[in-house]
2 protein chains.
Amino acid sequence: MTGALLERKSGVALWRQIADLIRSDIATGSAAKNDRLPPEMELAGRYGVNRHTVRAAIAALEQEGVLRSEQGRGTFIRRRKRLSYPIAKRTRFSAGLGTQAGTTRTRLLQSGEDAASQTVSENLDIAPDTPVIRLDTVSEADGVPVSRATSWFDANRFAGIDKAFEEHASITRALAACGVTDYVRKSTVIEARHASTEDIDLLRLSAGAIVLVTRAVNADADGRPIQYSETRFAADRVELKIETD
Amino acid sequence: MTGALLERKSGVALWRQIADLIRSDIATGSAAKNDRLPPEMELAGRYGVNRHTVRAAIAALEQEGVLRSEQGRGTFIRRRKRLSYPIAKRTRFSAGLGTQAGTTRTRLLQSGEDAASQTVSENLDIAPDTPVIRLDTVSEADGVPVSRATSWFDANRFAGIDKAFEEHASITRALAACGVTDYVRKSTVIEARHASTEDIDLLRLSAGAIVLVTRAVNADADGRPIQYSETRFAADRVELKIETD
DNA sequence: TATATTTGTCTATTGATATAGACAACTAAA
DNA sequence: TTTAGTTGTCTATATCAATAGACAAATATA
């Protein structure tokens, strides 16, 4: 550990900075050998703040479900490591997480038909304002939301993919039902942002949390774009692993 | 725009949330058609806060060099769009940014010899505690810091690469001087975090800023790992573009 | 059963954050 | 020159954030 001190009057409360540090330490596994957090007094000393400030941080993480305090015993860790989400030629949600999670699920929030925006039409290589089908989904691993995505498909080519998704609860299988037996990741752009209120709601995050945003194009065997999607990952629950071959 | 409202008593001051929103709007280009920000009263209405709160946000961004206020005239944007940093089989800093920046530079902060940690030895595929050379660098585009990296090399195979870097000011050329004429990106893991105080200092960020962290392995023509590096990008200045073929 | 350790609760005080209103200073346009 | 629109500065008040100290309540252990 280096001297990762806190910043005062930065517009971010000390208790939130401490909460973020502890959460991140837990995610990377560098928090504690056992499942127990050091006593409040020791943490207060380590961060150079009052015990009550540490308590505010712990209370926030307790609210999030990351910690659990027991009077007289100590404060204990509930969650553990980040999931590693692979991005490669063949990127699929459930298969990608492999053995890291017991159960994975992608559920549909909403679907609809839009006219393709500038961005969507460019990425799908179709004319602007062409009708496209939009799917808003949330993916969970072991019941914890991991990512939310909006995907667009050419409505001419993939009519009924929304119905297919409702039936199969999987993009891969919905595409298969539309005759696309294989597809590959063509491009992925990644950025990071503070979570929006919608992210916080849907991914069950806390205020000030971070999301990793990917904008990706999948193409069929002929190299034609079939899907453009924008996905927001909870950055404290996943890391993205790029496979470059 | 959806209802991206603010959160009260979240531990993040309203003025900072507003500053982050404005900064991000500027980065994505969705801030204003011209270079002028709406009047303070209008922004206050839009965010549902007092004018003084908006002023605090503007003052912070002025301090950062993102905005410039002129009494009687208005508040103006000193625009800077996000750079798109490509990650592919052949990933090199200067070449990657291409025409997006006028000048690029990577300078050495520090170098030294360590015993390989668990992580480093695993990624370089060498025995733990083998001596490794570490290079701490900061990369700039047009004089603005974009990323900072720590790279490790097997000290047996790459003796003197620290000297070579000092001479050539480029990892690619320093490797060439050590007999590696070509190398490819083997794996890249990406996550996002709040900037540490060291990040804030070296990348000239503001409190609460986000960094994209990549952990990457480069390998030579025979597929042997030659370099492991951890890089921290200023998330408000760059996006990472993954090329999957 | 004592005793030390640890979390929980209370009171009090100070500084940072946010709201409210008024008016000065400056700019651009009528 | 006048006016409307905009940023800059000031005072005042209420709430949140952080510090400080004291003691209660629960747990583990000597």
Side-chain angles (χ1 to χ4, degrees), chain A residues 5-22 31-78 194 206-208, chain B residues 5-22 31-78 194 206-208:
Chain A
L5 283 175
L6 308 175
E7 308 186 61
R8 287 165 191 263
K9 35 188 160 177
S10 64
V12 184
L14 291 179
W15 64 262
R16 169 137 302 285
Q17 295 184 53
I18 293 170
D20 291 344
L21 281 174
I22 293 176
K33 45 232 103 194
N34 44 11
D35 271 5
R36 187 171 161 216
L37 223 60
E40 293 169 352
M41 282 302 261
E42 189 183 323
L43 288 173
R46 182 182 302 180
Y47 294 120
V49 300
N50 191 275
R51 179 182 158 224
H52 295 291
T53 308
V54 170
R55 282 180 62 75
I58 290 175
L61 292 174
E62 223 171 338
Q63 191 62 29
E64 271 180 53
V66 175
L67 296 177
R68 182 186 74 252
S69 289
E70 293 179 31
Q71 186 170 17
R73 297 206 341 121
T75 301
F76 302 87
I77 297 168
R78 297 185 100 153
H194 285 286
S206 59
Chain B
L5 283 176
L6 307 175
E7 306 186 63
R8 287 162 192 264
K9 36 188 162 176
S10 65
V12 183
L14 292 179
W15 65 262
R16 169 136 303 284
Q17 296 183 51
I18 294 170
D20 291 344
L21 282 174
I22 293 176
K33 42 233 102 191
N34 43 12
D35 271 5
R36 184 169 162 215
L37 223 62
E40 293 169 352
M41 281 303 263
E42 189 183 323
L43 288 173
R46 181 182 304 181
Y47 293 120
V49 300
N50 190 276
R51 179 184 158 222
H52 295 289
T53 307
V54 169
R55 282 180 62 74
I58 290 175
L61 292 173
E62 225 171 336
Q63 191 64 27
E64 271 180 52
V66 176
L67 296 177
R68 182 187 73 252
S69 289
E70 293 180 33
Q71 187 170 12
R73 297 197 55 217
T75 300
F76 302 87
I77 296 168
R78 295 179 155 171
H194 286 287
S206 59

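In what follows, chains are A, B, ... by sequence order, proteins preceding strands, each numbered from 1.
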Any B:T53 side-chain N or O less than 4.0 Å from OP1/OP2 of C:dT19: yes
Minimum side-chain heavy-atom gap B:T53-B:Q17 below 4.5 Å: no
Atom-to-atom span, CE of A:M41 to P of C:dG8 - whole angstrom: 15 Å
Distance, rounded to the nearest Å, where B:R73 contributes CZ and D:dT6 contributes P: 13 Å
Among D:dG8, D:dT19, C:dT17, the nucleotide that comes nearest once only the side chain of A:N50 is considered: D:dT19
Residue whose nearest DNA chain C nucleotide is more 5′ - A:G72 or B:V12: A:G72
Nearest-Å distance for atom pair CG/C1', residues B:L14 and D:dT15: 12 Å
Atom-to-atom span, CD1 of A:I18 to C1' of D:dA17 - whole angstrom: 12 Å
Shortest non-hydrogen separation from A:A57 to A:A19 and the atoms involved: CB-N, 3.7 Å
Length of the line joining A:Y47:OH and D:dA18:P, which is rounded to integer Å: 15 Å
Proximal nucleotide (of D:dA18, D:dT7, C:dG8) relative to the A:A13 side chain: D:dA18
N/O donor-acceptor pair, side chain A:R51 with base C:dG8, under 3.5 angstrom: yes
Trace of the side chain to side chain contact (heavy atoms under 4.5 Å, CB included) decision for A:V66 with A:I77: CA-CA 6 Å; A:V66 175; A:I77 297 168; 5.5 Å; no
Interatomic distance where CD belongs to B:Q17 and P belongs to C:dA16 [whole Å]: 20 Å
Candidates D:dT7, D:dA18, C:dT7 - which lies nearest the side chain of A:P39: C:dT7
Any B:T75 side-chain N or O less than 4.0 Å from OP1/OP2 of D:dT6: no
Residue B:Q71, side-chain heavy atoms: nucleotide from C:dA25, D:dA24, D:dA18 that is nearest: C:dA25
Earlier contact from the 5' end, DNA chain D, for B:G74 and B:H52: B:G74
Nucleotide C:dT6, atom C1' - distance to CG of A:L67 in whole Å: 15 Å
Protein-nucleotide distance (A:L37, atom CG; C:dT7, atom C1'), rounded to Å: 13 Å
B:H194 side chain reached by A:H194 side chain, heavy atoms, under 4.5 Å: yes
Residue-phosphate contact under 4.0 Å: B:R8 side-chain N/O, C:dT19 OP1/OP2: yes
